[in-house]
Amino acid sequence: MSDDSRNEAEQRRRKLGELRCRGEAYPNTFRREDLAVDLANAYGELSKQALAETPVEVTVAGRVMLRRVMGKASFITLEDPSGRIQCYVRRDDVGEEGYADFRHLWDLGDIAGVRGTLMKTNTGELTVHAREAGLLVKALRPLPEKHHGLADRELRYRHRHLDLIVNEESRDVFRIRARLVTALRRFFDERGYLEVETPMMHPIPGGAAARPFVTHHNALDTNLYLRVAPELYLKRLVVGGFERVYEINRCFRNEGLSPRHNPEFTTVEFYQAFADYVDLMDLTEELLRELLQDVAGGTSITFEGREIDFGPAIPRRRMTTAVAAETGIAEADLLDETRLGEIARGMNISVEPDWGWGRLLMEVFEARVEANLVAPTFVTHYPLEVSPLARKSAEDPRLTDRFELFVAGREIANGFSELNDPEEQADRFARQAELKDRGDLEAMHYDKDFLAALEHGMPPTAGEGIGVDRLAMLLTDSSTIRDVVLFPQLRGTGGDES
RNA sequence: GGGUCGUUAGCUCAGUCGGUAGAGCACCGGGCUUUUAACCCGUUGGUCCUGGGUUCGAGCCCCAGACGGCCCA
């Protein structure tokens, strides 16, 4: 048993070697029959005496998180997916050899299985009194420090498995995220929306103003783009007669990393024929209340120390009104393109010559208003110039029937009445193509194939996209997207550097 | 891109004025048959992010860089 090496990893390898000598070191024959939380619920209230009089046989398994060795008897704390349970291992119960192995070959972080009877300790903790205790998996690397856990944010993202082993809060975040996605599906399924999967690889990137990732198909010898949005494909399905569709899946945008941006992120997009953007705002309110009820058990959440209540009707403000209210600038000045350009320059916005009134308004809104929209707010009447796929407003040709939802200063949803006039859509694409030729990297492509679909007739339709990661952030009080994405993109994790 | 803070043992972190590199946990050895972040005793473990510079002497001061956190654009 003597070994000069004091290196922990080497010690664990040595122990694994000894385990191999005893037989199968990584058995897959042990079957857990009881979870920690189930045992606590069923037997936690029973007295020490009651458990001693009527023994309950249990079989538990989990990772060894704590170990307290007291000579010829020991306590270990196992953690299974439901929670923790303590086990009492005694030499007199498991035998001389078994106990020696337990003492000298087991480490924190190993996975073990224990059979025995339930007991209560003198301090009242429900405990499995082991009759057999076996090591099922030897961990060759040590766990992070047992009390402080893994605090370094970067290590938590890079080694998410460790984060999940050690940080209960981190596990909770991803459980809540899963409940959120389940609730989204239920919401749309119950209302007759068909769940679909549209291509991730597009011959022409479309559906959003964003730079795409490019990849190459060898057999076809053609470039493909990872989708920036599923929009144009979902609308083709509406043309095809699937009048209510939704898709929950990944989008990819070739942009920088930030607390709010991961290159791949998840959205739910949904389309509904014979509806307009007002219907969608109503539906969105309903959706949010139902999600919060399901996931948070109420109508309000706490985010970054502030209470955000989705109970009351969500106010709907026109973009110009919102900008005027936030900046004190008269709405009449905002409506004048020349005047608005001066205002934007006065805010240190670097105005590009190609920008018209709509883009100017959007930039001013983003610079001055967006971050202040803490309570849920719908901003409506987006400029046509920045909404190339949205239906033109009947009241003002510079505007569209479009809204975005803001919560905690973040954009959560974007929806509009769809432009279903193929000729107008062709003109809008032409304008985008012009901007692209002039160097706008985010301008859209001219998509003839999509136009052909529109020419077959798309019913009057409204569509919306909601950021699932951002909803998850709200519901888990996470201020960075990295906390709600299991494996976020980090610097220096690339493969080949060229 | 700018500002700012940080990088020291496997993990969490100290490190005073520039003078031999520290603690807790983990690991190793010993003790302990109802413990609770068990405890007690004794060990082990270091590319102080990297490269220059100043100095008799640098974890500490200076310069440059890398990586990361946070804030801002």
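Below, read A as the first sequence line, B as the second, and so on, with proteins coming before strands; counting in each chain starts at 1.
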Requested in this report: Searching all strands shown, indicate the nucleotide that pairs with U7(B) (Watson-Crick or G-U wobble; both distances under 3.5 Å).
Outcome: A66(B)
Query raised in the report: Can you tell me if the side-chain N/O atoms of Lys15(A) get under 4.0 Å from OP1 or OP2 in C28(B)?
Result: yes
Report task. Could you measure between the two P atoms, the one in G2(B) and the one in A9(B), and give it in whole Å? Result -> 30 Å
Query raised in the report: Do other residues, nucleotides or ligands put more than 12 heavy atoms under 6.0 Å from the CG atom of Asp92(A)?
Result: yes
Query raised in the report: Which nucleotide in the set C70(B), C28(B), U34(B) lies at the smallest distance from any side-chain heavy atom of Arg153(A)?
Result: C70(B)
Query raised in the report: Nearest of G68(B), A26(B), G29(B) to any side-chain atom of Pro142(A)?
Result: A26(B)
Query - Euclidean distance for P, U16(B) against U8(B) (whole angstrom) - result: 16 Å
Query raised in the report: To the nearest Å, how far apart are Asp93(A) CG and U33(B) P?
Result: 14 Å
Query - Gap in Å between the two C1' atoms, one belonging to C13(B) and one to C56(B), rounded - result: 33 Å
Report task. Between C25(B) and A38(B), how far apart are the P atoms? Round to whole Å, please. Result -> 10 Å
Requested in this report: State whether a side-chain donor-acceptor pair under 3.5 Å links Thr127(A) with Gln86(A).
Outcome: yes
Query raised in the report: Looking only at atom C1', what distance separates G29(B) and C17(B), rounded to whole Å?
Result: 40 Å
Query raised in the report: Under a 4.5 Å cut-off applied to non-hydrogen side-chain atoms, are Glu464(A) and Glu269(A) in contact?
Result: no
Report summary line: Per atom distances to the Asp107(A) side chain, the nearest of C27(B), U35(B), U33(B) is C27(B)
Requested in this report: Take the protein atom CG of Leu150(A) and the nucleotide atom C1' of C13(B), then report the distance between them rounded to whole Å.
Outcome: 14 Å
Query raised in the report: Any donor-acceptor pair under 3.5 Å joining the side chain of Glu125(A) to the base of U34(B)?
Result: no
Query - Side-chain N,O (Lys120(A)) to OP1/OP2 (U35(B)) below 4.0 Å - result: no
Query raised in the report: Side chains of Trp357(A) and Leu340(A): closer than 4.5 Å at any heavy-atom pair?
Result: yes
Report task. May I ask you to say what Arg91(A) touches in the nucleic acid, namely base, sugar-phosphate or nothing, with a heavy-atom cut-off under 4.0 Å? Result -> base
Query - Side chain of Lys48(A) - closest among U34(B), U33(B), G24(B) - result: U34(B)
Requested in this report: Give the nucleotide from the list C27(B), G68(B), C32(B) with an atom nearest to the side chain of Val69(A).
Outcome: C32(B)
Query raised in the report: Among C32(B), G68(B), U35(B), which is the nearest nucleotide to the side chain of Glu154(A)?
Result: G68(B)
Query raised in the report: Starting at the 5' end of RNA chain B and moving along, which residue's nearest nucleotide shows up first, Ala73(A) or His148(A)?
Result: His148(A)
Query raised in the report: Looking only at side-chain N and O atoms, does Arg68(A) come under 4.0 Å of OP1 or OP2 in U35(B)?
Result: no
Query raised in the report: Is the backbone of Arg227(A) close enough, under 3.5 Å, to the side chain of Arg250(A) for a donor and an acceptor to pair up by distance?
Result: no
Query raised in the report: With a 4.0 Å cut-off on heavy atoms, is Arg482(A) in touch with a base, just the backbone sugar-phosphate, or nothing at all?
Result: sugar-phosphate
Query raised in the report: Taking the P atom of each, how far is U7(B) from C62(B), in whole Å?
Result: 15 Å
Requested in this report: Would you indicate whether the side-chain heavy atoms of Leu19(A) and Tyr26(A) approach each other to under 4.5 Å?
Outcome: no
Report task. Could you work out the separation of C48(B) and U34(B) based on their P atoms and round it to a whole Å? Result -> 46 Å
Query - Whole-Å distance separating the CZ atom of Arg14(A) from the P atom of C28(B) - result: 7 Å
Query raised in the report: Given that both distances must come in under 3.5 Å, which nucleotide forms a Watson-Crick or G-U wobble pair with G29(B)?
Result: C41(B)
Report task. Look through every strand shown and name the nucleotide pairing with C13(B) as Watson-Crick or G-U wobble, where both distances are under 3.5 Å. Result -> G22(B)
Query raised in the report: Choosing from C32(B), U12(B), A26(B), which nucleotide comes nearest the side chain of Ala151(A)?
Result: U12(B)
Report summary line: Atom CZ of Arg67(A) and atom C1' of U34(B) are separated, to the nearest Å, by 18 Å
Query raised in the report: Does Glu145(A) or Thr127(A) map to a spot on RNA chain B nearer the 5' end, using the closest nucleotide for each?
Result: Glu145(A)
Query - Touch class at under 4.0 angstrom, heavy-atom based, for Leu66(A) against every strand present - result: sugar-phosphate
Query raised in the report: Mind checking the C1' distance from U12(B) to A26(B)? Whole angstroms is fine.
Result: 11 Å
Query raised in the report: Is there a side-chain contact between Leu471(A) and Ile412(A) (heavy atoms, below 4.5 Å)?
Result: yes
Requested in this report: Give the nucleotide from the list C13(B), C67(B), A26(B) with an atom nearest to the side chain of Lys146(A).
Outcome: A26(B)
